[in-house]
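Each remark here refers to the structure printed beneath this line.
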Amino acid sequence: MSQDSQHGKWTVSSSEDEDDQLPPSSSNPPQVPDPGSFSSPVETKVDTTYVEVKPEPSPIPVLVVGSEARQQATKNQAYPIKYESSPSLAGKRKLEAADGSGWALSDSDDDDDAKKNNPPPAMTVPSSKRKKVVNERPPSPHGRVYYIDEPDDFFESSVPCQDDMFRFYLNKVTGLDKKYNSGALHIRDILLPLFGTLKESVQFNYCFDLAWMVQQYPPEFRDRPVLIVHGDKREAKARLVQQAQPFPHIRLCQAKLDIAFGTHHTKMMLLWYEEGFRVIILTSNLIRADWYQKTQGMWMSPLFPRLPKDSSDTCGESPTFFKRDLLEYLASYRAPELEEWIQRIKEHDLSETRVYLVGSTPGRYVGPDMERWGHLRLRKLLYEHTKCIPDEERWPVVGQFSSIGSMGVDKTKWLAGEFQRTLATVGKSALRPNPPVHLLYPSVEDVRMSLEGYPAGGSLPYSIQTAQKQLWLHSYFHRWQADSTGRTHAMPHIKTYMRASPDFTQLAWFLVTSANLSKAAWGALEKNNTQVMVRSYELGILYVPSAFNMKTFPVRKNPFPVSSSSSGFPVPFDLPPTRYTSKDQPWIWNIPHSQAPDTHGNVWVPS
Ligand code: TGV
């Protein structure tokens with residue numbers, strides 16, 4: 001997905017101190033007449049009359065006939081940068097409407113959100129209203145200093161401690177107190193020569209700004225070959241091809257997406273150096289907005305040295321079989337462009353890796369293949385590599401994500417059935433009592449009071465159409481932002497899943513991944529549990545204590561500032577999680593908030 005393509009009506013806001021320089025994702029909060037206050041208890045009562053009044057706003061109403069068109073529009077809207085008119089998509093979109101192919105073999109009764117109408121927040125700011133809002137602007141909790149550009153010290157070297165056991169890092173966030181960025185990495189840091197002398201790289205991702213990406217590479221490596229692995233088709237692909245035009249060193253590789261509504265979410269860098277090879281598995285898109293004021297996570301592999309020339313292919317394996325699993329994941333693309341990388345990886349020593357790879361790759365899997373991908377893969381790893389814990393039914397499962405798919409009319413359909421069973425797996429115990437499940441997802445107030453304000457909601461694409469069918473889900477919800485000063489002021493684009501002790505001081509395992517809370521990402525059982533169907537490409541890494549010769553991971557008490565003396569796992573949000581009160585609502589991106597201005601004095605009115 002390229003971000004310079006968008007057909008919606010985005011009007012640049014002109015509130016006084018924003019001027020011409022807009023923050024990366026700044027889409028400008030929209031305004032329409034107030035539809036009435038929207039408030040409901042945690043579990044019930046979404047005001048559905050609202051939906052009837054404005055059933056399906058869409059940026060291209062006449063043309064949106066197929067789900068992919070909607071999907072496209074949604075993606076485009078999410079990452080607006082340039083205003084670009086898009087000529088004559090009508091014919092193409094109409095053709096796409098007919099291609100729902102992959103459906104025939106599936107017996108999933110529920111759809112994921114991908115199929116649904118996710119009307120994006122196309123935003124207009126009538127100048128009259130705009131003034132009014134500007135005048136009503138409340139004092140910003142972040143003070144008058146709001147960084148439009150990254151601050152001068154932003155790119156100062158922040159080489160992570162090389163003895164960092166977990167190799168888990170957050171991104172640097174613009175506009176937060178410096179202490180919260182200690183130990184954090186910007187994309188430019190990752191590509192610094194001190195991590196290796198780059199020869200070639202591969203960028204797996206969903207959304208790309210190739211011109212911006214090129215600028216993130218150090219000048220001396222800027223013309224080294226880069227392979228882009230993406231999932232775009234048709235117009236979106238054409239736009240990506242066009243983006244790549246000025247860069248002869250960039251080649252594209254389109255990942256096959258044969259099952260309807262699948263997406264290429266995997267975010268990974270393969271970096272081939274004079275000195276060896278490195279893998280980065282992360283949660284950020286390759287666009288500036290994703291590296292600006294959001295919380296993102298990454299795992300950086302050790303530098304993998306080259307194996308001696310005559311080594312066999314199976315050499316250089318880690319205790320976690322990371323080499324085998326990475327090669328299997330790459331092979332699943334069946335892409336000729338990746339063959340040379342598969343060969344290269346075989347020639348390197350990945351034995352120092354202490355994490356397990358958890359991937360999803362589209363397909364319908366039966367028999368032993370069911371455990372290769374998605375949540376059944378996670379289940380198998382937890383079964384084999386974690387130990388039973390006393391009192392295990394009191395150890396909560398925590399899931400934290402930035403988007404939510406459709407998971408049916410009640411919890412038994414997927415969440416409390418198959419997915420919870422996976423997350424509840426520890427060791428080989430026969431009894432599997434249901435642990436507490438805490439789901440972390442930003443509330444409206446979290447988004448409103450965040451560094452980005454409402455525009456952060458443009459990357460939290462939970463739609464009212466999906467939400468209103470699963471009000472039961474919201475009773476599991478906990479806040480992302482526990483207080484209004486810390487790092488959680490940067491809204492999450494990170495996704496994490498973990499099992500914590502009852503007092504949240506210990507972890508039985510921790511996972512960071514691209515996979516949101518959706519069946520498309522994690523897979524769903526079909527055909528009387530004899531088949532699992534996965535729609536999307538996803539990638540994450542699992543930490544289990546046994547791979548670190550530990551019983552559990554202690555949770556790092558004060559993750560900020562990062563100090564070499566502090567130990568324990570750096571969980572990127574506050575524990576214990578805070579449950580939504582009856583006043584809290586999950587962020588739903590196509591519900592307007594015209595009465596409560598955000599941290600920039602703007603309101604949110606999706607069209
Ligand atoms: C979006 C961006 C709003 C299918 C896929 C992509 C990502 C995430 C995430 C969530 C959804 C993503 C997407 C969309 C994308 C902003 C909406 C649809 C509709 C990502 N893709 N809309 N159908 N869609 O949270 O990680 O960043 O990779």
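One-based numbering, in listed order, for ligands and for the atoms of each.
For Ser514 and Tyr206, the side-chain atoms include no donor-acceptor pair closer than 3.5 Å. Side-chain polar atoms of Ser536 and Thr263 form a donor-acceptor pair below 3.5 angstrom.
Residue His493 has at least one N or O atom closer than 3.5 Å to an N or O atom of ligand 1. Of the N or O atoms in Ser459, none lie within a sub-3.5 Å distance of an N or O in ligand 1. For the pair Ser514 and ligand 1, the shortest N or O to N or O distance does not fall below 3.5 Å.
Counting only non-hydrogen atoms, the option in Glu538, Lys495, Lys294 that gets closest to atom 26 (O) of ligand 1 is Lys495.
Counting atoms of ligand 1 from 1 in the listed order, those under 4.0 Å from a heavy atom of His265 are 6 (C), 7 (C), 11 (C), 12 (C), 20 (C), 21 (N), 28 (O). Counting the atoms of ligand 1 from 1 in the order shown, those under 4.0 Å from a heavy atom of Thr263 are 4 (C), 5 (C). Set against the non-hydrogen atoms of Pro461, the atoms of ligand 1 under 4.0 Å away are 3 (C), 17 (C). For ligand 1, the atoms closer than 4.0 angstrom to any heavy atom of Lys267 are 7 (C), 27 (O), 28 (O).
At least one heavy atom of Trp589 sits less than 4.0 Å from an atom of ligand 1. Heavy atoms of Gly458 approach ligand 1 to within less than 4.0 angstrom.
Using cut-offs of 30° and 60° on the angle between ring planes, the pair Tyr543 and Phe168 is perpendicular. The aromatic rings of Phe419 and Tyr497 lie perpendicular to each other, with more than 60° between the two planes, well past the 30° mark.
A 6.0 Å sphere centred on NZ of Lys411 holds no more than 12 heavy atoms belonging to other residues, nucleotides or ligands.
For residues 437-446, the set of pairs meeting the salt bridge (charged side-chain N to carboxylate O under 4.0 Å, His left out) definition, not counting sequence neighbours, comprises Glu445-Arg448, Asp446-Arg479.
Only the side chain of Asn516 comes within contact range of ligand 1, with a heavy atom under 4.0 Å; no backbone atom does. The proximity of Leu460 to ligand 1, defined as any non-hydrogen pair under 4.0 Å, does not occur for either the backbone or the side chain.
Among residues two or more places apart in sequence or in another chain, the side chain to side chain donor-acceptor pair (under 3.5 Å) test is passed with His264 by Tyr333.
Checked for salt-bridge contact, Glu337 and Arg251 miss the test: no charged N lies under 4.0 Å from a carboxylate O.
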